[in-house]
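Here is the structure we will look at, set down as C-alpha cells.
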Amino acid sequence: MGLEMEEVAAALPVAHTAAAAMERGVEIYPLSRYYFGAKDAAAVPRGLETAADRALRLKANFAAHGLRTSVHGVLLVELFDHPHVLLLQVRNSSFVLPGGRLRPSEADVQGLKRKLSSKLSVVRGDGEDTTEDVDDWQVGECIGMWWRSEFEAIPFPYMPPNFRAPKECIKLFLIRLPMSRRFVVPRNMKLLAVPLSQIHGNAQVYGPIISGIPNLLSKFSFNVISD
C-alpha cells in the first residue's frame, strides 16, 4: 500500500507540470495583423502631470477610498521573430501600460476590461464603450504585483516588512490577443510595439515595472503564429 501511494504521488507532479506547461503557452500574432486608428485626446493625460499634482491627486484618493489599486494589461505581438510589448507613449515622453485605477469596489478583471476599452477601443457617440466592447478582452492570469509605500515612492515587487499602510497596489495581467484587432488610441498618445530585449532591465527609460516584464514572462512559452 505504501509503495502504491508513493508511485501515485510521484506521478502527480509530472501530470501537473505538463498541464501547467500547456496553460502557460501563449500564442502571439504578427504586428501586421493589427490595425491602428486614432480618437479624441484623453481628457486627463496623466503622463503630463507634475509630481506635485500627482501627489495631491493620490492623497485625495487615498483619504476618500483607502488603498489605490491599479490594473494594467501586458499585450504581446510578434515583430522580427521576437515578442514585443504594446506600450502607450504620452506625447513622446513617458511610457505606460494600458490600464489604470479601479473604481471603489470594482473587480480587477472587469475594471481592466473597462480601462482597456477606454484606452484602446472605439468610443461610441454617447462617450461610453458598449458592454460588448468591454467584454471583448481576454484577460489572463495576474503575472505580477507591486506595492507603493508612499505616493511617490518606488514600487516594490513584494510587501516589505516595514510597510504599515501601503498607498497603492499595482497589478499586471497577461492579455491574450485575438488573431486580429483594431486599436483606437487617443490622439495625444502613441501605441508602440517595443521588443522585450529593449525593455529588459532598462528601468531608466521604462521604469521598474515595465522593465521587469521580460522576467515575469520567462515562465511562458511563446507560440508565434506567422502569416
Side-chain angles (χ1 to χ4, degrees), residues 26-49 54 70-101 111-123 129 133-134 136-140 142-144 146 154-155 170-218 220 222-227:
V26 179
E27 292 185 347
I28 58 176
Y29 299 92
L31 182 64
S32 59
R33 289 180 179 262
Y34 300 96
Y35 304 89
F36 300 87
K39 59 185 177 181
D40 291 341
V44 182
R46 300 296 193 196
L48 302 180
E49 284 182 310
R54 184 174 187 275
S70 300
V71 289
H72 300 272
V74 177
L75 290 70
L76 299 172
V77 297
E78 177 272 332
L79 185 63
F80 304 124
D81 296 321
H82 185 70
H84 286 54
V85 181
L86 294 182
L87 299 178
L88 287 168
Q89 186 183 32
V90 183
R91 293 189 178 179
N92 301 318
S93 57
S94 59
F95 294 90
V96 296
L97 288 163
R101 177 172 57 90
L112 179 54
K113 289 181 177 181
R114 176 179 60 83
K115 284 295 186 179
L116 291 175
S117 294
S118 173
K119 295 291 194 302
L120 303 177
S121 293
V122 176
V123 177
D129 300 291
D133 291 330
V134 173
D136 194 28
W137 296 98
Q138 187 176 352
V139 179
C142 179
I143 61 174
W146 280 260
I154 297 174
I170 305 164
K171 302 180 182 181
L172 300 192
F173 290 83
L174 182 63
I175 307 299
R176 297 179 183 267
L177 290 176
M179 184 181 300
S180 179
R181 186 183 185 93
R182 185 184 181 200
F183 296 104
V184 184
V185 182
R187 296 185 188 278
N188 58 331
M189 299 182 182
K190 295 179 181 178
L191 186 61
L192 305 177
V194 183
L196 292 183
S197 58
Q198 182 172 316
I199 68 175
H200 175 58
N202 194 356
Q204 183 176 359
V205 175
Y206 299 101
I209 294 177
I210 293 177
S211 63
I213 288 176
N215 291 333
L216 297 176
L217 295 176
S218 63
F220 296 95
F222 299 115
N223 180 21
V224 177
I225 310 298
S226 59
D227 289 329

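Between atom CG of residue L86 and atom CG of residue L191 there is a gap of 5.0 Å, rounded to the nearest 0.5 Å.
The closest donor-acceptor contact from the side chain of S121 to the backbone of S118 lies at 3.5 Å or more, if one exists at all. Using a distance-only test at 3.5 Å, with no hydrogens or angles considered, no donor-acceptor pair links the side chain of H72 to the main chain of S70. Although no hydrogens or angles enter the test, the distance criterion places no donor-acceptor pair under 3.5 Å between the side chain of K190 and the main chain of V185.
The two atoms that bring P30 and S226 nearest to each other are CG-CA, 4.2 Å, heavy atoms only.
With sequence neighbours excluded, the residues that form a side-chain hydrogen bond (donor to acceptor under 3.5 Å, both in side chains) with Q198 are Y206. Listed by chain and number, the residues in a ring pair (Phe, Tyr, Trp, His ring centres under 6.0 Å) with Y29 amount to none (sequence neighbours excluded). Under the salt bridge (charged side-chain N to carboxylate O under 4.0 Å, His left out) criterion, K115 pairs with no residue at all, not counting sequence neighbours.
K113 and D136 are not joined by a salt bridge, as no carboxylate oxygen comes within less than 4.0 angstrom of a charged side-chain nitrogen.
Taking the side chain as every heavy atom from C-beta outward, L174 and V26 approach each other to under 4.5 Å. In this structure the side chain of L97 reaches within 4.5 angstrom of the side chain of L87, judged on heavy atoms.
Taking the six-membered ring where tryptophan is involved, the planes of F183 and Y34 are tilted, since the angle between them lies from 30° to 60°.
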